[in-house]
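Note that these values count all heavy atoms, side chains included, but never hydrogens, waters or copies made by symmetry. First listed ligand is number 1; within each ligand, the first listed atom is number 1. Please read these numbers as outputs of a predicted model, since none were measured by experiment.
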Amino acid sequence: MRGKMRTYLVTGGAGFIGSNYIHYMFRKYGDDIRIINVDALTYAGNPENLKSVENRENYTFIKADICDKEAVEKVFAQNDIDRVVHFAAESHVDRSIRNPEVFVQTNVLGTAVMLNCARAAWEREDGSYPEGKRFLHVSTDEVYGSLEKEGEYFYETTPYAPRSPYSASKAGSDMLVKAYMDTYRFPANITNCSNNYGPYQFPEKLIPLIINNALQGKKLPVYGDGKNVRDWLYVEDHAKAIDMVQEKGRLFQTYNIGGHNEKQNIEIVNIIIETLQEMLSEDDPRKALVSKELITYVEDRKGHDRRYAIAPDKIRSEIGWEPETMFAEGIRKTIAWYFANEEWMRNVTSGEYQKYYEEMYR
Ligand code: NAD
Ligand code: DAU
């Protein structure tokens, strides 16, 4: 006889990585798992990302703010949650520079609410936890600060040195998870991942912003000298890593996840332009618009971290995860997705986005 169906509580599942993770999990486990997605649907949360799963019997969407303790308690009271995968956060560095408070609210307080409710639901009287309960906190490599020297990498042992309001708030949330593990032996893991790219990414982030602007012949804003380095990972590889950490990772451990794919921002912009030119057919009117002449160097981001680079040695040796998607392949898949989903892009860039874009890039 089959055991009880495992129930996942995913927070922030209507965002970029969360929705890719939900699709990955249903592709992998089908009807063998149940997913409850709690998302407040901020500007970054988009129910359209989950259209193809919304009618599944083993999927439930709950619109709620993770800072709302009563709402989160109710989810735990009404469901026997086995796994929490906590994505919900304010995620954009530029927005955190303009408006830090909401980052502290959602990322720090929201994580505290999630931890508290999970602990209240799971902890037995003797302080132990039932087998199989696990909380995975999805975090970022930005908590380690900025690498200034060639050849340096972020390891799980690298001291935290966040430099933006976003990364400071994520570091705060990581510390809370660590405190719960140390104080209550709360069954958790933390993953710190590098920059993701792929389908459903909101066009405030570099890659979808450049794709969208280039196709419209709009300027391509490159901050500073364009030589800041990020370590890009295809989002599906991240989804797989998260699942593998919950399946095979040792509890109470942190795992760094990275793409082994360091590139300067200007290289990324050039690759996108070249790939668009290759992929657009001769009779497509957008082909004439896509050009390197659109590249425009603009004022640098305040406190712009120079370089991020993950050494994913621990997750490879302990769990057997490695990045699978080469950048040349991942960027083609990403561009193909944006070609096939023009309406998605039109919908997310109408309204509020225009105002954000004008204020940010004026
Ligand atoms: P995103 O901004 O695309 O999505 C965030 C989601 O969280 C949205 O659906 C939003 O509606 C929801 N949300 C925000 N505030 C909420 C609240 N108070 N209550 C409930 N839901 C709320 O973000 P993303 O890029 O998918 O990132 C997901 C997680 O992964 C974040 O924790 C982020 O720090 C982390 N991360 C992101 C990257 C990256 O490259 N994007 C890399 C490493 C780690
Ligand atoms: O490293 C992981 C982090 O990656 C995540 O924790 C964050 O949630 C995610 O947003 C991302 O942060 P970055 O700041 O690195 O990503 P972003 O796409 O905003 O910027 C990537 C690089 O491109 C960065 O050096 C700034 C630069 N940039 C960005 C934009 C939006 C530009 O030059 N021009 C732009 O218009």
What donor-acceptor contacts under 3.5 angstrom involve side-chain atoms of residues 109-122, with partners at least two apart or in another chain?
| unit_1 | atom_1 | unit_2 | atom_2 | d |
| --- | --- | --- | --- | --- |
| T111 | OG1 | H86 | NE2 | 3.0 |
| T111 | OG1 | N107 | O | 2.6 |
| N116 | OD1 | Y180 | OH | 2.8 |
| R119 | NE | E123 | OE1 | 3.4 |
| R119 | NH2 | E123 | OE1 | 3.3 |
| W122 | NE1 | I81 | O | 3.0 |

Can you list the residues that meet the side chain to side chain donor-acceptor pair (under 3.5 Å) rule with N20, with sequence neighbours excluded? none

R56 to F26 six-membered ring, cation-pi geometry met (6.0 Å, 45°): yes

Can you tell whether the side chains of E236 and R27 come within less than 4.0 Å, N to carboxylate O? yes

With the threshold set at 4.0 Å, does a side-chain nitrogen-carboxylate oxygen contact exist between R6 and D82? no

Report yes or no: does K28 contribute a side-chain atom to a donor-acceptor pair with the main-chain N or O of D243 at less than 3.5 Å? no

Exam field: side chain N228 to backbone R307, donor-acceptor pair closer than 3.5 Å: no

With ring centroids as reference points, do Y43 and Y356 lie under 6.0 angstrom apart? no

Below 3.5 Å only, please: the N or O atoms of ligand 2 paired with protein N or O atoms, distance on each line.
| unit_1 | atom_1 | unit_2 | atom_2 | d |
| --- | --- | --- | --- | --- |
| ligand 2 | 1 (O) | D141 | OD1 | 2.6 |
| ligand 2 | 1 (O) | N195 | OD1 | 2.7 |
| ligand 2 | 4 (O) | N195 | OD1 | 3.4 |
| ligand 2 | 4 (O) | N195 | ND2 | 3.0 |
| ligand 2 | 6 (O) | T140 | OG1 | 2.7 |
| ligand 2 | 6 (O) | Y166 | OH | 2.6 |
| ligand 2 | 8 (O) | S91 | O | 2.8 |
| ligand 2 | 8 (O) | Y166 | OH | 3.0 |
| ligand 2 | 10 (O) | S91 | O | 3.2 |
| ligand 2 | 12 (O) | E142 | OE2 | 2.8 |
| ligand 2 | 14 (O) | R301 | NH1 | 2.6 |
| ligand 2 | 14 (O) | R301 | NH2 | 3.4 |
| ligand 2 | 15 (O) | N195 | ND2 | 2.9 |
| ligand 2 | 15 (O) | R230 | NE | 2.8 |
| ligand 2 | 16 (O) | N195 | ND2 | 3.4 |
| ligand 2 | 18 (O) | L206 | N | 2.8 |
| ligand 2 | 19 (O) | R301 | NH2 | 3.0 |
| ligand 2 | 23 (O) | N265 | ND2 | 3.4 |
| ligand 2 | 25 (O) | R230 | NH2 | 3.3 |
| ligand 2 | 25 (O) | N265 | ND2 | 2.9 |
| ligand 2 | 25 (O) | H304 | NE2 | 2.7 |
| ligand 2 | 33 (O) | Y223 | N | 2.8 |
| ligand 2 | 34 (N) | P221 | O | 2.9 |
| ligand 2 | 36 (O) | Y361 | OH | 2.7 |

Every pair of nitrogen or oxygen atoms between ligand 1 and the protein that is under 3.5 angstrom apart - can you list them with their distances to 0.1 Å?
| unit_1 | atom_1 | unit_2 | atom_2 | d |
| --- | --- | --- | --- | --- |
| ligand 1 | 2 (O) | S91 | OG | 2.7 |
| ligand 1 | 3 (O) | F16 | N | 3.0 |
| ligand 1 | 9 (O) | G15 | N | 2.9 |
| ligand 1 | 9 (O) | D39 | OD1 | 3.3 |
| ligand 1 | 9 (O) | D39 | OD2 | 2.5 |
| ligand 1 | 11 (O) | D39 | OD1 | 2.6 |
| ligand 1 | 11 (O) | T42 | N | 3.1 |
| ligand 1 | 11 (O) | T42 | OG1 | 3.2 |
| ligand 1 | 18 (N) | D65 | OD1 | 2.9 |
| ligand 1 | 18 (N) | T106 | OG1 | 3.1 |
| ligand 1 | 19 (N) | I66 | N | 2.9 |
| ligand 1 | 21 (N) | A40 | N | 3.1 |
| ligand 1 | 23 (O) | S91 | OG | 3.3 |
| ligand 1 | 26 (O) | F16 | N | 3.3 |
| ligand 1 | 26 (O) | I17 | N | 2.8 |
| ligand 1 | 32 (O) | F87 | O | 2.8 |
| ligand 1 | 32 (O) | K170 | NZ | 2.6 |
| ligand 1 | 34 (O) | Y166 | OH | 2.6 |
| ligand 1 | 34 (O) | K170 | NZ | 3.1 |
| ligand 1 | 40 (O) | N196 | N | 2.9 |

Determine whether the side chains of Y308 and E142 contain a donor N or O and an acceptor N or O closer than 3.5 Å. yes

